[in-house]
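Notes follow once the structure below has been shown.
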Amino acid sequence: MNVLAFAIWVAVIVSTLLLFLGVRRSRPRPVRPAPRLHDLSEAAFMAGGPGAVVDSALVSLLGDGRLVAGGPGIVALRTGARAGDIAERAVFEALRQAPSGWLYQVRYAAMLDPAIQETGDALAARGLLAVPGSGRRWRRWGLAQVVVCAVWVVASLPLTFVALALQPGSQVPFVFKVLPALLGGIVMGCVLAARARQRLTPAGRAALREIRTHYMNDQTPHVQTALYGLRGLRDPYLRGQLVPAVRGTRLAAAQARNARRGSPSSTSSSSSSSSSSSSGVYCGSSAEVLPVVWCASSDGGSSSGSCGNSGSSCSGGGSGCGSGSSCSSGSSCSSSSGSSCSSSSSSCSSSSGSSCGSSSS
């Protein structure tokens with residue numbers, strides 16, 4: 001039993017050390033001097049991914065009347081309306097491609113606009129965001145370590161009684177020999193798995209806090225939406241328009257994901273579409289090679305849903321895509337609901353719904 005106890009200690013220590021080094025390598029290296037966020041669009045992307053960027057633009061457009069609601073979940077542009085930034089231009093383009101005017105379709109298509117997606121690449125290049133999927137392997141490793149250590153905690157009890165029966169006398173029970181190592185493995189596994197799941201780097205969290213402090217006294221709806229996601233939006237009319245749209249895109253994403261899993265040609269088509277991309281990575285349970293799509297950050301603070309990808313775990317706990325999305329260089333999440341992603345600069349479009357969001361920070 002002493003040999004087994006020693007082996008358990010060695011296994012837990014080695015696993016924890018490798019996990020720590022892997023998580024550390026998967027995080028972007030800090031940039032000096034510490035980078036700052038340039039505008040509210042970048043702040044929204046940090047807070048909730050592409051979904052928060054588009055939500056902020058929609059709030060601005062609906063708030064000043066350039067975008068009008070023509071019915072439940074239906075919007076239209078007012079004649080002569082002009083876009084003020086790249087997010088609003090993405091919404092205008094999405095409306096031109098979605099003549100029906102369904103808000104959830106407009107929201108999803110705008111999130112996949114290349115200009116919105118490239119914001120994530122810029123933030124990742126400056127060390128503020130981790131690319132999607134970069135820590136997925138280590139998060140799974142950490143969870144596996146937690147499960148294995150927990151199983152050994154349970155198994156150590158009967159082994160203790162067996163050891164006492166075979167070798168009666170004064171000796172340290174087996175469970176007391178291995179319990180410190182196993183409990184340490186469980187704690188470290190949980191901590192490192194949580195760290196691997198985080199999308200904001202320490203520099204990113206500092207930059208987001210700084211810009212939130214700068215706009216602390218600005219209660220303009222689109223500013224609060226950019227900084228905190230839909231949970232920062234207090235206007236009942238605007239919430240009535242956007243919250244159902246987020247729910248609709250989330251439901252459509254789930255339906256598209258299930259349809260993709262059931263399609264025998266999905267894997268081959270996804271692989272072929274990404275083979276021309278120099279930045280393809282493994283994404284999803286089927287481990288097909290797909291171009292990267294930014295999903296909402298899991299630790300940002302928006303209220304948007306899940307990426308419409310096949311088996312990917314980019315979705316945040318609260319709402320809309322892309323857990324996390326950028327179809328350019330980097331790592332992993334691809335959209336499924338009818339979208340097509342091609343080269344590293346990515347052009348993605350979709351007529352069906354999906355969503356990208358995050359859990360609140």
Side-chain angles (χ1 to χ4, degrees), residues 39-41 43-85 87-92 94-95 98 100-111 116 208 211-254 296-297 299-306 315-322 353-361:
D39 52 35
L40 285 173
S41 291
F45 203 104
M46 295 285 291
V53 180
V54 176
D55 287 340
S56 177
L58 289 171
V59 167
S60 180
L61 293 170
L62 287 167
D64 61 19
R66 285 177 290 168
L67 195 66
V68 294
I74 302 291
V75 292
L77 281 175
R78 188 179 295 276
T79 304
R82 295 181 179 274
D85 56 27
E88 293 180 359
R89 286 194 290 273
V91 172
F92 279 35
L95 275 166
S100 62
W102 282 104
L103 186 55
Y104 78 90
Q105 292 183 348
V106 171
R107 182 177 182 272
Y108 178 65
M111 287 189 296
I116 302 294
L208 186 57
I211 198 168
R212 282 174 172 173
T213 301
H214 178 74
Y215 286 97
M216 181 185 303
N217 298 320
D218 191 339
Q219 298 301 313
T220 308
H222 82 275
V223 172
Q224 291 299 305
T225 303
L227 297 178
Y228 300 101
L230 292 185
R231 68 187 178 92
L233 182 61
R234 298 288 181 261
D235 188 292
Y237 166 74
L238 296 175
R239 287 189 64 86
Q241 294 293 328
L242 291 174
V243 172
V246 171
R247 294 171 181 167
T249 50
R250 192 183 311 153
L251 177 61
S297 90
D299 52 357
S302 169
S303 71
S304 302
S306 66
S315 63
S319 49
C321 176
S354 178
S355 70
C356 301
S358 79
S359 59
S360 298
S361 59

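What you see is a predicted model; the values in this text were computed from it and never measured.
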Separation between [atom1] of [X] and [atom2] of [Y], rounded to the nearest 0.5 Å:
{"X": "Leu227", "Y": "Met216", "atom1": "CG", "atom2": "CE", "answer": "11.0 Å"}
{"X": "Leu61", "Y": "Leu77", "atom1": "CG", "atom2": "CG", "answer": "7.5 Å"}
{"X": "Phe92", "Y": "Leu67", "atom1": "CZ", "atom2": "CG", "answer": "7.5 Å"}
{"X": "Leu233", "Y": "Gln241", "atom1": "CG", "atom2": "CD", "answer": "11.0 Å"}
{"X": "Asp85", "Y": "Leu40", "atom1": "CG", "atom2": "CG", "answer": "9.0 Å"}
{"X": "Leu62", "Y": "His222", "atom1": "CG", "atom2": "NE2", "answer": "13.0 Å"}

Closest approach of [X] to [Y] (non-hydrogen atoms, all atoms of both residues):
{"X": "Gly65", "Y": "Arg78", "answer": "O-NE, 2.8 Å"}
{"X": "Leu95", "Y": "Gly101", "answer": "CD2-CA, 4.5 Å"}
{"X": "Tyr215", "Y": "Gln224", "answer": "O-NE2, 4.1 Å"}
{"X": "Leu238", "Y": "Pro221", "answer": "CD1-CB, 4.2 Å"}
{"X": "Ala69", "Y": "Tyr237", "answer": "CB-OH, 3.7 Å"}
{"X": "Thr220", "Y": "Asp218", "answer": "OG1-OD1, 2.5 Å"}

Subject >> side chain to side chain contact (heavy atoms under 4.5 Å, CB included) involving Ala110 - partner list, sequence neighbours excluded >> reply: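 Applying side chain to side chain contact (heavy atoms under 4.5 Å, CB included) to Ala110 gives Val54, Ala90, Val91, Ala94.
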Original post:
So do Leu103 and Ile74 actually touch side chain to side chain, heavy atoms under 4.5 Å?
Top reply: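 Counting from C-beta outward, Ile74 and Leu103 never come under 4.5 Å.
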Subject >> Side-chain touch Tyr108/Gln105, heavy atoms, less than 4.5 angstrom >> reply: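 No, their side chains stay 4.5 Å or more apart.
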**OP:** Would you confirm whether Arg107, through its side chain, and Asp55, through its main-chain N or O, come within 3.5 Å as a donor-acceptor pair?
**Re:**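 Flag not set: sc Arg107 to bb Asp55 has no pair under 3.5 Å.
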Original post:
What residues, two or more places apart in sequence or in another chain, satisfy side chain to side chain donor-acceptor pair (under 3.5 Å) together with Glu88?
Top reply: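 Counting only residues at least two positions away or on another chain, Glu88 forms a side chain to side chain donor-acceptor pair (under 3.5 Å) with Ser60, Arg66.
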